[in-house]
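No experiment lies behind these values; they were computed from the predicted model shown.
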Amino acid sequence: MEQLNQVLQWFAGAKDTYVNVYFGILRYMVPMLALVLLWRCIKPLLWFRREPEIWAWLYLNDGTKYAITHWESVIGRHKSSDVCIDFPTVSRNHAVLTRYDDGSWTIADANSKSGILVNGRQVSICALQADDVISVGGIEMTLMPITARQEQLMTQLRTKAGNGFDSVINLFLLTLLQCMFCLAFMMGGEFEHFPHILMGFGGITLCQWLLLIFYALIRRSSFELETVAFFLSTLGMTVIATVDPTETVKQLIAMGVGLLTFMLVGWSLRDLERAKKFRYIATAMGIGFLVITLLFGQEYHGAKNWLLIGGFTIQPSELSKLCFVFAGASTMERLMNKRNLILFIGYSVVICGFLALMNDFGTALIFFVAFLVIAYLRSGSVGTIALACTSLGFAGVIAIKIAPHALRRFSIWRHIWEDPYNLGFQQTRAIMCIASGGLFGLGAGRGKLKNVFAADSDLAFATLSEEWGLILGVMAVLCIVAIAIFAIRTAVMARSSFYIIGSCTAAAVLLTQTILNCLGTVDVLPLTGVTFPFLSNGGSSMICAWGLLAFIKAADTRQNASFAVRLLKRREEDADE
């Protein structure tokens with residue numbers, strides 16, 4: 001018996017030594033491999049050649065011609081107009097040219113002083129033919145749409161999004177990372193948690209390869225955005241496996257629902273007229289989710305923003321974000337329509353009012369940022385934005401006065417070390433654990449922050465940095481920054497204002513959440529309880545993040561990049577039918 005105990009002790013010591021060596025290797029291999037992966041994914045997103053699509057030419061009588069590169073183009077005297085005509089009789093924003101999915105065109109008056117004429121007849125909105133003579137402020141012009149052959153040539157000459165071989169290599173590197181994470185938790189964790197860990201990491205691996213195969217079947221070659229999202233989801237799975245391994249399966253299910261949402265939103269954006277018809281449903285659902293929460297929601301830590309359904313907790317305000325972006329981008333019969341903008345302002349006030357009643361001021365701030373982006377892109381008015389920001393200041397003062405939950409958040413801000421065992425407990429521990437993790441981390445499951453409340457949600461950035469190093473934590477932040485920059489770059493080329501508004505607003509929401517989460521963790525900003533997209537534990541947050549990514553994906557007009565943009569051959573077959 002004594003000899004058996006000695007053998008077991010030797011094996012235990014050998015295992016501990018092997019685990020320590022393995023963790024030591026992982027501390028350096030994981031960030032290096034992640035850096036290679038992200039460089040391969042982010043570089044094509046940030047340095048591709050931007051080429052605007054030309055859909056028609058606008059010819060003036062003096063021989064001047066303008067390329068029409070968007071499906072909604074403003075004609076006016078203002079320098080920011082798509083077609084700038086510097087003539088006294090032309091209003092700042094005089095008219096709007098609009099192209100539809102079937103290739104037809106209309107022109108609409110944008111509340112100009114002198115109106116518009118088509119073939120000598122004054123109109124407010126009118127369908128255009130190739131030979132129609134348009135008069136804007138007395139300046140006559142003719143619209144000449146491109147032919148089907150020209151559109152085909154334009155498509156063939158556009159920058160390619162990538163190739164399938166690069167996507168396979170990227171996913172292979174990501175799969176290798178997932179195997180390293182999984183093995184690390186299995187070596188250092190408890191046996192009873194092995195099935196959950198295997199299902200969590202294995203499920204992400206299966207989903208990403210199935211999605212790549214689907215892209216190959218529909219002849220789409222761009223998979224960089226999706227790879228970055230799966231990378232962040234993998235990092236989120238490491239955080240959950242540390243804090244509560246039994247939650248990995250729930251997060252995997254949420255990611256699966258998020259992927260379905262991603263595909264559904266992308267499908268709806270393939271046809272702009274269909275997407276605009278959904279605006280009423282999206283508007284109603286955005287308010288409906290919040291009303292249901294107010295009536296039947298559960299209050300946690302001062303905020304009534306959760307629903308308990310069959311053992312699962314849902315945060316409907318996350319789903320309202322998707323509806324808000326969809327409604328804000330598509331609620332326009334005509335561009336520059338002040339009535340539509342006023343209605344959207346009223347809708348935004350109602351949404352933020354419901355969130356204030358729920359004491360969910362962090363989410364209300366995100367909705368406000370989304371509103372600012374939509375309002376500016378819709379109106380181009382700096383005055384409107386300034387007025388909205390001033391109103392927010394007054395609303396914030398009132399909220400602090402009447403809502404003790406919000407007041408506690410602000411009272412501890414920048415004073416966490418004065419009360420490190422009570423109100424400042426979370427943030428002081430998070431800062432210390434980030435420091436203890438250093439650049440390369442302590443190893444899977446070896447951190448102390450996992451014992452602190454909300455370590456896998458509000459403090460997910462700190463938990464990741466403690467166990468896997470600050471380098472990996474910074475990489476997670478850079479992923480969101482890269483997605484936002486990509487959205488801004490593609491906005492220049494996007495076909496429709498709908499895609500521009502949806503993409504930029506979705507990017508603003510993701511970036512704002514990341515800023516509030518990370519800077520709130522380290523006490524640069526108040527800790528608002530906002531999640532880190534794709535990284536934090538939370539099914540509703542995961543579904544929302546994938547849904548927002550679909551808006552960014554839809555704006556990508558590179559050759560065979562987005563599933564929301566129909567292939568030219570398929571469009572021609574539909575037209576023949």
Side-chain angles (χ1 to χ4, degrees), residues 37 41 45 161 164 167-168 170-172 174-175 177-178 198-240 247-270 275 278 282 285 312 314-316 318-319 321-323 325-326 476 479-480 483 486-487 502-503 506-507 509-510 513 531-556 561-565:
L37 173 64
C41 292
L45 298 178
S167 299
V168 170
N170 293 340
L171 276 199
F172 175 77
L174 181 55
T175 301
L177 267 175
Q178 291 160 347
L198 279 173
M199 289 184 66
F201 288 101
I204 295 179
T205 303
L206 179 62
C207 288
Q208 66 196 25
W209 283 104
L210 288 177
L211 185 60
L212 181 64
I213 293 172
F214 174 73
Y215 272 34
L217 293 175
I218 62 174
R219 295 183 293 165
R220 297 302 191 275
S221 56
S222 175
F223 203 72
E224 298 90 0
L225 273 179
E226 292 81 355
T227 304
V228 171
F230 281 120
F231 171 75
L232 288 172
S233 300
T234 301
L235 296 183
M237 196 62 73
T238 66
V239 173
I240 298 171
E247 291 286 317
T248 56
V249 177
K250 286 185 179 180
Q251 189 73 349
L252 178 62
I253 294 173
M255 194 191 74
V257 177
L259 285 172
L260 293 177
T261 304
F262 175 73
M263 302 301 294
L264 179 61
V265 174
W267 170 81
S268 69
L269 300 180
R270 286 171 63 89
F278 287 163
M285 290 178 64
F312 290 89
I314 300 174
Q315 192 172 359
E318 292 289 332
L319 305 179
K321 291 177 187 175
L322 283 178
C323 299
V325 174
F326 199 103
C479 286
I480 301 297
I483 291 174
F486 173 73
S503 175
V509 170
L510 293 175
Q513 286 192 209
T531 57
F532 194 122
F534 300 102
L535 183 68
S536 294
N537 185 12
S540 304
S541 175
M542 178 66 76
I543 295 171
C544 176
W546 277 103
L548 293 174
L549 192 68
F551 285 99
I552 300 174
K553 184 75 175 179
D556 189 2
S562 174
F563 55 80
V565 178

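The shortest distance between side-chain heavy atoms of Met542 and Phe534 falls below 4.5 Å. Inter-residue side-chain proximity for Ser233 and Trp546 is flagged as met; some heavy-atom pair is nearer than 4.5 Å. Proximity of Thr234 to Leu177: side-chain heavy atoms (C-beta onward) are nowhere separated by under 4.5 Å. For the pair Ser221 and Tyr215, the minimum side-chain heavy-atom distance is 4.5 Å or more. In this structure, Phe486 and Leu225 have side chains that are in contact, with non-hydrogen atoms separated by less than 4.5 Å. Within the 4.5 Å cutoff, no side-chain heavy atoms of Trp209 are placed close to those of Phe230. The shortest side-chain heavy-atom distance between Phe231 and Thr227 does not fall under the 4.5 Å cut-off.
Put simply, CG on Leu535 and OG1 on Thr238 are 7.0 Å apart, with the number rounded to the nearest 0.5 Å. Atom CD1 of residue Ile483 and atom CG of residue Leu549 lie 5.5 Å apart, to the nearest 0.5 angstrom. How far CD1 of Ile480 is from CG of Leu232: 5.0 Å, rounded to the nearest 0.5 Å. One finds the SG atom of Cys41 at 4.0 Å from the CG atom of Asn170 (value rounded to the nearest 0.5 Å). Within the model, atoms NZ of Lys250 and CG of Asn537 stand 9.0 Å from one another, a figure rounded to the nearest 0.5 Å. Within the model, atoms CD of Gln251 and CD1 of Ile240 stand 3.5 Å from one another, a figure rounded to the nearest 0.5 Å.
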Validation: residues 260-269 side-chain donor-acceptor distances under 3.5 Å, sequence neighbours left out:
residue	atom	partner	partner atom	Å
Thr261	OG1	Val257	O	2.9
Ser268	OG	Val265	O	2.7

Derivation and outcome, side-chain hydrogen bond (donor to acceptor under 3.5 Å, both in side chains), residues Ser536 and Thr531: CA-CA 6 Å; Ser536 294; Thr531 57; 5.1 Å; no

CA sep, side-chain torsions, deciding dist, call: Met255, Ile204, side chain to side chain contact (heavy atoms under 4.5 Å, CB included): CA-CA 8 Å; Met255 194 191 74; Ile204 295 179; 4.0 Å; yes

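Residues Ser167 and Leu212 share a closest heavy-atom pair of CB-CD1, 3.8 Å. Closest of all the heavy-atom pairs between Asp556 and Ser222 is OD2-OG, 4.2 Å. Nearest heavy atom pair, residue Glu318 against residue Ser541, reads OE1-CA, 3.8 Å. In terms of heavy-atom proximity, Gly502 sits nearest to Val325 at O-CG1, 3.8 Å. The minimum heavy-atom distance between Ala506 and Ile552, with the atom names listed, is CB-CG1, 4.1 Å.
Side-chain atoms of Gln315 never come within 3.5 Å of backbone atoms of Ser540 as a donor-acceptor pair (strictly under, hydrogens ignored). A donor-acceptor distance shorter than 3.5 angstrom exists from the side chain of Thr205 to the backbone of Phe201, with no hydrogens or angles considered.
A side-chain N or O of Gln208 and one of Thr175 form a donor-acceptor pair less than 3.5 Å apart.
Applying the salt bridge (charged side-chain N to carboxylate O under 4.0 Å, His left out) rule to pairs touching residues 225-236 yields Glu226-Lys553, sequence neighbours excluded.
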